[in-house]
Every structure is written in C-alpha cells, then in structure tokens.
Novice: 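Below is one structure. I have some questions about it.
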Amino acid sequence: MNGRSLLLAGLAMLLPPCAPAQDDRTEFRALYEELVETNTTHSSGDCTAAAGKMAARLRGAGLPEADVRVVVAPDHPREGSLVAVLRAPKKKSRGKGVLLIAHIDVVEARREDWTRDPFEMIEEDGYFHARGVADDKAMAAIWVDTLIRLHREKFEPRRDIKIALTCGEETLEAFDGIQHLVSEHRELIDADVAFNEGGYGQLDAQGRRVMMGVQIGEKTPQDYRLEVLNEGGHSARPVKDNAIYRLCAGLGRLSQHEFPVQLNDTTRAFFARMADIRGGEAGAAMNALLTDPSNAAAATTVSANPGWNATLRTTCVATTLDAGHATNALPQRARANVNCRLFPGTTVEEVRRTLEQVLGDPAITVTALPSRMPLAVAPPLDPAVLGPIQARIAKSYPGVPMVLTQSAGYTDGPFLNAAGIATYGLGLFVDPDFGHIHGANERVRVQSVYEGRDFLHGLVKHFARQTP
C-alpha cells in the first residue's frame, strides 16, 4: 500500500462509519449510469451489450483480458452474461473463491407510464430515478466497481473474487443466464460462498433505518393453469352450466383460502427479531405464533401485513384470466393463471392437490405449468458467514439490527444453492414503498447507493481474506 493509500486508510478510521468514502465517486456514478441507461428489457433490450460495456470498464481499469469474459449462448445473442475474476496469488490461494452475482435484465417499462424517461438516470430530490436503479443494476454496478477498486488498491485476496452479471432473472419464460453458467460454465463461477440480491434494509417514512435484512433462502414460484371446458352455445339461450361462472366461483373460494402457517429456522429467527423491533400487539402476536403456530388469532394479526403473511405460508393468487371466444356465444373455455409461492419443503404436487380441493369443482382442472426453477433450498445458518455480515452491518450502520429473512420473491439464488454454492442475499436500504420496484417511477436514495457501495466493498474484502 502506498503512502497516499495509508493516509486515506487512516483518515477513514477516524470518520463515522456511514460518512462518505474518501475516494472518487465520479467514475462509479458514470459506470452505474451507463449500465442503467442500457436497455435490458426482455422485449427490446440487450444484456450482451450491457455486459460488454461492464467488461470494457474492467479491462480499462487493468484487469487481464483473460479474466474478463462475456459469455453468450449461440442461440441467445442478446442474453449474454459477464463473468470476471480478481485472482488470489497462487501461493496464497485457498478454496474455490467468493462469487458476487447480480442480474442485469430489468422489468418492462413504458414511457407513457412514467413521469420521466425510464431509461435515463436522473438524480433528483435525493433519489436516482430510472428502471433498474434498484433492481438490480445498483448491485451489479457495485460488484464491477468493487473489482476495479480492489485491483487498483493492489489488494491480494486469499481466494479468488468472482463476479457474474446475468440475464433472464426477471422473466421466467426467458433464457436464464445463471442456469446456463451453472450447467455449462461451472468452472467460471464455482465458489465456496456467493452473495446475491434478496436482502435489503428497511427505512421508515422519515428515512430512518429500521433493520437490515439478510436473505437466507426463498420461496419457489410456480404457476398453475385452471381451466373449465364447455360445449357452449348461443348467448340467446343461456344455461346455468357456464364455464366463466364456474371458474369465477372457484376463484372466489380460492380468494378466501389461507394455507397453514409454517415456520423454519430462518422465519423463526425473523419473527423473533421483528417481535423485539416492533413490540406492541404485532410483536406479541409474533411471539405467540413462535410458541404455537396454530394460534389463529395471532396468525390473523401477523397476516394483516402482506409481507409478513408471505413469510408465514405458501401463497396462491390469480394473476390472469382468459375466457370465451365470441361476444354472442356461451363460453366454451375459461382459463386462469394462479401464481403460487411455495414455502420451502412444500412440493408442486401438494399445492396442486390443495388447489383442487379448495376450488371444489371437478369441472375445474388444475395443471402445474412447466418451470425452469428448482425447488428452493436455503443455505446454512453458518456463523462463519453470518457473523462477519453482522459485524460489517454494525460498523457501517451503527445500531441497526440484522434480521434474517426468507424472500417471498424470486432471485437467481436457487440455481446456485441447488448446485451446492451457498448463496446469501444482501442489499441496500429502501423506502417503505420499496422504491416502486417493478412499477412505474422506480427509484432509490442516492445515499443508500453510496453507503451500500462502501458496505459491500468492505464485506467482500473481509470474505476474500478468509480461508474456507
């Protein structure tokens, strides 16, 4: 380390943990903006172009050409992934390495739905605004920036630091980059531990930090097709046996059904910690559920919060409807898609059978649709991983509790966990509205991005120094 670096390191130790880092943020912001402003939607975007731009940033910073690759499947030219590595010196190298993953594809965004152009990153009122500024290009940019910073610091890890920026996470029917890397290029991403999106910090309405979540596992998304077939007929001669009515009656019964409360190590830890943080009636209900998961009154109180409800159980909800073939004919077919999020340990067939029972009509067939997703498996509650994360949270965000969470959403983590690479979810602080992620006018606080950049940078350095 040179004299200037030593001086900066000494100054950094004197600063409060969340003070702005004493390095130049200009290059990072430009990198972040370039990634955000590259359209990577499934309909019209180009992940390969985005991956290529980030590869150019890494090569421009001095990483060897051989250690930076854009991996493109021949039949998916616009859905390439970036893989890169900062190598440990051979004499020091231990283990398989640390993997940092993020997806660079984004949810569709129409200009007419947004206040601003969704593919122009605007900094305004303390926020970055654009599609992907939070999900997930902030983390992707931070991982690229981390490799650049560590390379320039001449940091020598004890195990390789690898990054993988992939495409296809946001669209289940799309080509999936992480699945491709696991099956076809395992050697490029093999690791002892991986860090992904999925965890996040909660801010209250006043912007104060409430807690930092670390994701330990997630639920499995699964779609089911509900269908009623009928001979139909002329609309001038209606009959009681109407395909639309039968399907809607079944969906009405489904809307009133709740799957039973389930708890595992992660959700027990979550509700125990949240009970302390929230206190009052909600906290008491959480503690009551931990004592007796069959406590109906406690379950009702906790389930009133959609996020907590999703943590407690398998959920199923109707998402699309398609029925009839003419405005003057009785419907011959009525279909609905029901999207379920399966609690870990629950099988696709178990839920299909439950749906049949709840719908209560043999005329409604229930079919589990094909899915590329493996059943989600949680990584271990490993103190060697969680201890350093907690220590880093305490240093970067003093007084903010770490809470273990189980995501109700979907990430690339299940592919890695299923392949034996223990994967944990991290993230930035977000507002109570979750930054309008997946909706119009996505945003993230500027402070959250810059603080998160330094928090994750320090965490990566710690794990890169560790030996498995």
Side-chain angles (χ1 to χ4, degrees), residues 20 25-47 49-51 53-54 78 102-145 165 167-172 174 197-210 212-213 305-307 310 317 319-320 339 407-411 426-453 456:
R25 291 174 171 171
T26 303
E27 184 178 1
F28 166 72
R29 192 191 186 286
L31 181 159
Y32 179 35
E33 182 176 290
E34 181 178 40
L35 183 57
V36 168
E37 294 190 349
T38 303
N39 183 343
T40 53
T41 58
H42 181 59
S43 64
S44 60
D46 193 331
C47 287
K53 291 175 182 179
M54 295 301 99
R78 295 189 298 113
H103 67 86
I104 52 176
D105 61 313
V106 296
V107 170
E108 302 292 333
R110 299 187 303 180
R111 178 65 185 92
E112 58 268 30
D113 296 336
W114 285 59
T115 304
R116 306 164 188 81
D117 185 332
F119 298 107
E120 180 181 356
M121 193 172 89
I122 302 295
E123 184 176 344
E124 184 176 278
D125 300 327
Y127 289 88
F128 290 122
H129 301 262
R131 173 60 86 220
V133 288
D135 186 17
D136 184 30
K137 289 182 174 179
M139 182 166 277
I142 287 170
W143 292 150
V144 174
D145 171 74
L165 309 187
C167 197
E169 193 268 356
E170 293 291 11
T171 309
L172 276 175
E197 62 163 341
Y200 64 93
Q202 280 187 10
L203 300 172
D204 65 15
Q206 288 72 46
R208 295 173 300 213
R209 302 184 190 97
V210 177
M212 173 58 83
N305 180 300
V317 60
T319 53
T320 64
N339 180 260
S407 175
Y410 153 68
T411 76
L426 305 171
L428 311 180
F429 277 92
V430 296
D431 288 344
D433 63 9
F434 214 55
H436 304 299
I437 291 171
H438 285 206
N441 303 313
E442 182 178 341
R443 65 180 187 171
V444 65
R445 289 181 185 244
V446 174
Q447 181 181 8
S448 291
V449 174
Y450 287 135
E451 289 179 351
R453 175 193 180 216
L456 293 171

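Quick note: numbers below take in every heavy atom, side chains included, and nothing from hydrogens, waters or symmetry partners.
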Novice: Do any N or O atoms from the side chain of Asp136 and from the backbone of His103 form a donor-acceptor pair under 3.5 angstrom?
Specialist: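 Between the backbone of His103 and the side chain of Asp136 there is a qualifying donor-acceptor contact (under 3.5 Å).
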Novice: Is Arg209 positioned over the aromatic face of Phe429, cation under 6.0 angstrom from the ring centre and no more than 45 degrees off axis?
Specialist: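 The answer is yes, since Arg209 meets both limits relative to Phe429.
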Novice: So do Pro118 and Arg111 actually touch side chain to side chain, heavy atoms under 4.5 Å?
Specialist: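 In short, these two side chains touch, coming nearer than 4.5 Å.
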Novice: With heavy-atom distances below 4.5 Å as the criterion, would you say the side chains of Phe28 and Val449 are in contact?
Specialist: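 They are in contact (side-chain heavy atoms under 4.5 Å apart), so the answer is yes.
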Novice: Are side-chain heavy atoms of Met139 and Leu456 found at a separation under 4.5 Å?
Specialist: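 When only atoms from C-beta onward are counted, Leu456 and Met139 do touch, with a gap below 4.5 Å.
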Novice: Taking the basic N atoms (NZ, or NE/NH1/NH2) and the acidic carboxylate oxygens, is any pair closer than 4.0 Å for Glu33 and Arg29?
Specialist: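 Yes, this pair counts.
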Novice: Between Asp105 (side chain only) and Glu170 (backbone N and O only), is there a donor and an acceptor less than 3.5 Å apart?
Specialist: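 Judged by distance alone, yes, a pair lies under 3.5 Å.
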Novice: Just say parallel, tilted or perpendicular for the rings of Tyr127 and His129, cut-offs at 30° and 60°.
Specialist: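 Rings of Tyr127 and His129: tilted, 30 to 60°.
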Novice: Which distance, rounded to the nearest 0.5 Å, do you find between the CE of Met54 and the CG of Leu35?
Specialist: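 Here the rounded value is 4.5 Å.
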Novice: Under a 4.0 Å N-O cut-off, is there an ion pair linking Glu34 with Lys53?
Specialist: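 Result for this pair is no, no salt bridge flagged.
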Novice: Using a 6.0 Å cut-off, check whether atom CZ of Arg110 has over 12 heavy atoms from anything other than its own residue.
Specialist: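 No - once you tally the heavy atoms of other residues, nucleotides and ligands closer than 6.0 Å, there are 12 at most.
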Novice: Would you call Val144 and Leu165 a side-chain contact if the rule is heavy atoms closer than 4.5 Å?
Specialist: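 Of all side-chain heavy-atom pairs linking Leu165 with Val144, at least one is under 4.5 Å.
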Novice: Give the minimum heavy-atom separation between Met212 and Tyr200, together with the two atoms involved.
Specialist: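 The pair with the smallest heavy-atom distance is SD-C, 3.7 Å.
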Novice: Would you find a donor on one side and an acceptor on the other, under 3.5 Å apart, between the side chain of Arg131 and the backbone of Val107?
Specialist: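 Present.
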Novice: Quick check against the 3.5 Å criterion: does Tyr32 have a side-chain atom that pairs as donor or acceptor with the backbone of Val133?
Specialist: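 Judged by distance alone, yes, a pair lies under 3.5 Å.
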Novice: Do Asn441 side-chain atoms and Thr115 backbone N/O form a donor-acceptor pair below 3.5 Å?
Specialist: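 Judged by distance alone, yes, a pair lies under 3.5 Å.
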Novice: Could you walk me through whether Glu124 and Arg443 satisfy the salt bridge (charged side-chain N to carboxylate O under 4.0 Å, His left out) test, starting with their C-alpha distance in whole Å, then the side-chain angles of each, then the deciding distance to 0.1 Å, before giving a yes or no?
Specialist: CA-CA 10 Å; Glu124 184 176 278; Arg443 65 180 187 171; over 6 Å; no
Novice: Checking the side chain of Arg445 only, and the main-chain atoms of Asp431 only, is there a donor and an acceptor separated by less than 3.5 Å?
Specialist: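 No, the answer is negative, given that no donor and acceptor are paired below the 3.5 Å cut-off.
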Novice: What are the two closest non-hydrogen atoms of Ser448 and Leu428, and how far apart are they?
Specialist: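 Minimum heavy-atom separation between Ser448 and Leu428: O-CD2, 3.9 Å.
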Novice: How about Glu27: does its CD atom have over 12 heavy atoms from other parts shown lying under 6.0 Å from it?
Specialist: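 Not more than 12 within 6.0 Å, no.
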Novice: Can you confirm whether the side chains of Ser43 and Glu108 place a donor and an acceptor under 3.5 Å from each other?
Specialist: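 Yes, a side-chain donor-acceptor pair sits under 3.5 Å.
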Novice: Is there a donor in the side chain of Thr38 and an acceptor in the side chain of Lys137, or the other way round, less than 3.5 Å apart?
Specialist: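 Absent: no donor and acceptor within the cut-off.
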Novice: What are the two closest non-hydrogen atoms of Ile104 and Ala50, and how far apart are they?
Specialist: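 In this case the closest contact between Ile104 and Ala50 is CD1-CB, 4.1 Å.
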Novice: For the pair Glu169 and Thr411, evaluate side chain to side chain contact (heavy atoms under 4.5 Å, CB included) and give the outcome as yes or no after the intermediate values.
Specialist: CA-CA 7 Å; Glu169 193 268 356; Thr411 76; 4.2 Å; yes
Novice: Below 4.5 Å, heavy atoms only, C-beta onward: do Glu197 and Leu426 meet side chain to side chain?
Specialist: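 In short, these two side chains do not touch, never coming nearer than 4.5 Å.
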Novice: Answer whether the closest heavy-atom distance between the side chains of Cys167 and Thr40 falls below 4.5 Å.
Specialist: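 Heavy-atom side-chain distance check fails, nothing below 4.5 Å.
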Novice: Ignoring hydrogens, what is the shortest heavy-atom contact between Phe119 and Thr41? Give both atom names and the distance.
Specialist: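 Phe119 and Thr41 have their closest heavy atoms at CZ-CG2, 3.7 Å.
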